[in-house]
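A short write-up of the structure that comes next.
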Amino acid sequence: MASASRIVKAVIPVAGMGTRLLPATKSQPKEMLPVGRRPVVQYVAEEIESAGLKQILFVTGRKKTAIEDHFDTDTELVRLLSAADSHTLLEELNYTETEATFFYTRQSTPLGLADAVSRAEKFVGDDHFVVALGDSIIRSDSGGGFLPRLIDAHRRSGAACTIALEEVDPSDTYRYGIVRVASGTDQNGPFEIEDLIEKPAIGTAPSNLAIAARYVFSPAIFEAIRRTAPDRKGELQLTDSIRLLTQLGHPVYGLCLRWGERRYDIGNFESYFTAFIDFALADEKYGYMVRQYLKRKAREL
Ligand code: UTP
């Protein structure tokens, strides 16, 4: 019997091709692109660790070894910095000293997000688990963070899947996985989802609530993935697998990001630039300088 009482495992899929970010991603993973002073995937791992999860599986693929290197202790670099008394820089490398254990598996061909998640089946066993997309940062200015609330909502509802949701501009719904909820649903807490549609055609979206890169699943998702039909590109879409969960009678819930929480999807240049600017502006050390520069620059525009 799958247990949701204590969730300790997380899966970070990072095996996608990142074609929308070419040429920046020709020979490096998009998850390693810097946002401010850290690569995207470091924010994701830190968010998971602060939510108390202890086992993290990366689903990697071709050209993704930089991610493994990033989370490995570089003893030579540590030795050099120690010899040079560079304590500030040594502190920047502290993120590798973590209580969480990292595991790696490969998705040799990127056959879609659901296929990537299916690679975690053995790692997950009978446990409920978190999936956090490696190319998306959830920034939370509210105390406690979003992920612990999502996990808590999942445990309380007994759902087979609980999804992070964010409100998007109605004219942008065609870019996202969009959910349908019962009318009159109170969106301040977790609520049941009736249906999900991946990238609905313009004018057909059932709401403006978009799936926002964080999920909690029971192992029931693996059977749903096995039954999922590939899309037109031959890829298995996770939204379609979750839709199947609802059709098989499993409860699926959603929880909205709230004020002070925001998802940054680093999958295209538009949102990558936005993310970089926001994180650079908020940087403790360099933020002031960036703000002054942007103010000067804005006067020239
Ligand atoms: P995306 O669908 O945005 O990534 O996946 P992509 O396929 O790399 O993007 P484009 O369309 O080519 O630009 C979101 C996350 O899921 C992972 C990606 O690495 C990214 O972190 N992913 C996607 C996989 O691990 N495997 C896949 O087959 C697809």
Side-chain angles (χ1 to χ4, degrees), residues 10-35 38-48 56-68 70-71 102-121 123-124 129-138 147 163-166 168 172-178 196-199 210-215 217 221-222 225-226 228-242 263-275:
V11 177
I12 309 183
V14 290
M17 301 271 279
T19 46
R20 284 168 295 159
L21 290 169
L22 283 168
T25 50
K26 171 139 188 310
S27 62
Q28 66 170 335
K30 71 170 157 182
E31 296 81 3
M32 286 300 293
L33 291 176
V35 170
R38 298 174 202 170
V40 178
V41 70
Q42 187 179 332
Y43 293 99
V44 181
E46 286 174 353
E47 178 195 348
I48 287 171
I56 302 177
L57 174 73
F58 289 94
V59 182
T60 74
R62 293 181 60 226
K63 301 182 191 166
K64 300 283 179 166
T65 45
I67 296 174
E68 290 171 52
H70 186 71
F71 288 102
F102 297 114
F103 301 86
Y104 298 89
T105 191
R106 298 269 288 198
Q107 183 197 29
S108 314
T109 315
L111 291 173
L113 183 54
D115 181 69
V117 171
S118 76
R119 310 292 156 145
E121 188 165 8
F123 165 79
V124 162
F129 64 104
V130 166
V131 169
L133 302 194
D135 67 349
S136 293
I137 302 171
I138 304 278
L147 194 53
I163 308 170
L165 297 170
E166 68 169 345
V168 296
D172 279 342
T173 47
Y174 69 95
R175 297 167 178 234
Y176 299 95
I178 300 290
L196 308 89
I197 298 114
E198 183 62 24
K199 301 191 175 66
I211 303 173
R214 301 291 182 267
Y215 313 76
F217 287 113
I221 190 63
F222 297 115
I225 294 173
R226 272 189 283 279
T228 302
D231 67 6
R232 275 178 296 131
K233 288 197 283 178
E235 294 182 1
L236 295 181
Q237 294 296 341
L238 192 57
T239 307
D240 292 340
S241 306
I242 303 171
R263 181 263 286 259
Y264 291 93
D265 166 12
I266 321 297
N268 59 68
F269 281 115
E270 194 184 332
S271 51
Y272 174 49
F273 290 159
T274 311

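Numbering starts at 1 and runs along the sequence shown. Note that ligands are numbered from 1 as they come in the structure, with each ligand's atoms numbered from 1 the same way.
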- All ring pair (Phe, Tyr, Trp, His ring centres under 6.0 Å) counterparts of Y215, not counting sequence neighbours: F217

- Look at ligand 1 and say whether E235 reaches it with a heavy atom at a distance under 4.0 Å. no

- Of all the atoms in ligand 1, which lie at a distance below 4.0 Å from a heavy atom belonging to A116? 24 (C), 25 (O), 26 (N)

- For the atom pair CD1 (I211) and CD1 (I163), what is the distance rounded to the nearest 0.5 Å? 5.0 Å

- M32 side chain near I67 side chain, heavy-atom distance below 4.5 Å: yes

- Query: Applying a 4.0 Å heavy-atom criterion (strictly less than), which segment of D265 is in contact with ligand 1: side chain, backbone, both, or neither?
  - Reply: neither

- Item | Qualifying residues under ring pair (Phe, Tyr, Trp, His ring centres under 6.0 Å), relative to Y264, sequence neighbours excluded | F279

- Message: Could you check whether F123 and F129 have their ring centres less than 6.0 Å apart?
- Response: no

- re atom 25 (O) of ligand 1, the protein heavy-atom contact at minimum distance is A15 N, 2.8 Å

- Starting from atom 16 (O) of ligand 1, locate the nearest protein heavy atom and write down its residue, its atom name and how far away it is, to 0.1 Å. L113 CD1, 3.5 Å

- Hey, is the main chain of G16 close enough, under 3.5 Å, to the side chain of K64 for a donor-acceptor pair? yes

- re atom 17 (C) of ligand 1, the protein heavy-atom contact at minimum distance is P13 O, 3.7 Å

- Task: Return the minimal non-hydrogen interatomic distance between T25 and M17, and the atom names on each side.
- Result: OG1-O, 4.3 Å

- Looking only at protein heavy atoms, which one is nearest to atom 6 (P) of ligand 1, and how far off is it? K30 NZ, 3.5 Å

- Is there at least one pair of N or O atoms, one from V59 and one from ligand 1, spaced under 3.5 Å apart? no

- Result of checking I56, L133, I48, V131 against V11 for side chain to side chain contact (heavy atoms under 4.5 Å, CB included): V131

- Proximal ligand 1 atoms for E31, defined as those under 4.0 Å from one of its heavy atoms: 18 (C), 19 (O), 20 (C), 21 (O)

- Heavy atom of the protein closest to atom 24 (C) of ligand 1 (residue, atom name, distance): G16 N, 3.3 Å

- Task: Return a yes/no value for L133: is any of its N or O atoms, backbone included, closer than 3.5 angstrom to an N or O of ligand 1?
- Result: no

- Message: Can you tell me how far apart CD (E47) and CG (L147) are? Round to the nearest 0.5 Å.
- Response: 5.0 Å

- Query: So is G267 polar-close to ligand 1, meaning N/O to N/O under 3.5 Å?
  - Reply: no

- Got an N/O contact under 3.5 Å between R20 and ligand 1? yes

- Message: Can you give me the closest heavy-atom contact between S241 and I221, atom names plus distance?
- Response: CB-CD1, 4.0 Å

- Query: If we only count heavy atoms from C-beta on, is the T173 to V168 side-chain gap below 4.5 Å?
  - Reply: yes

- Heavy atom of the protein closest to atom 15 (C) of ligand 1 (residue, atom name, distance): D135 OD1, 3.8 Å

- Task: With heavy atoms of T19 as the reference, note each atom of ligand 1 found under 4.0 Å away.
- Result: 10 (P), 11 (O), 12 (O), 13 (O)

- Does M17 reach ligand 1 with a nitrogen or oxygen that is under 3.5 Å from one of the ligand's nitrogen or oxygen atoms? yes

- Message: Ignoring hydrogens, what is the shortest heavy-atom contact between R106 and G61? Give both atom names and the distance.
- Response: NH1-O, 3.2 Å

- Residue, atom and distance of the protein heavy atom nearest atom 28 (O) of ligand 1 read G112 N, 2.8 Å

- Task: Give the atoms of ligand 1, by number and element, whose distance to some non-hydrogen atom of L111 is under 4.0 Å.
- Result: 28 (O)

- Please report which non-hydrogen protein atom sits nearest to atom 8 (O) of ligand 1, along with the residue it belongs to and the distance in Å to one decimal place. G18 N, 2.8 Å

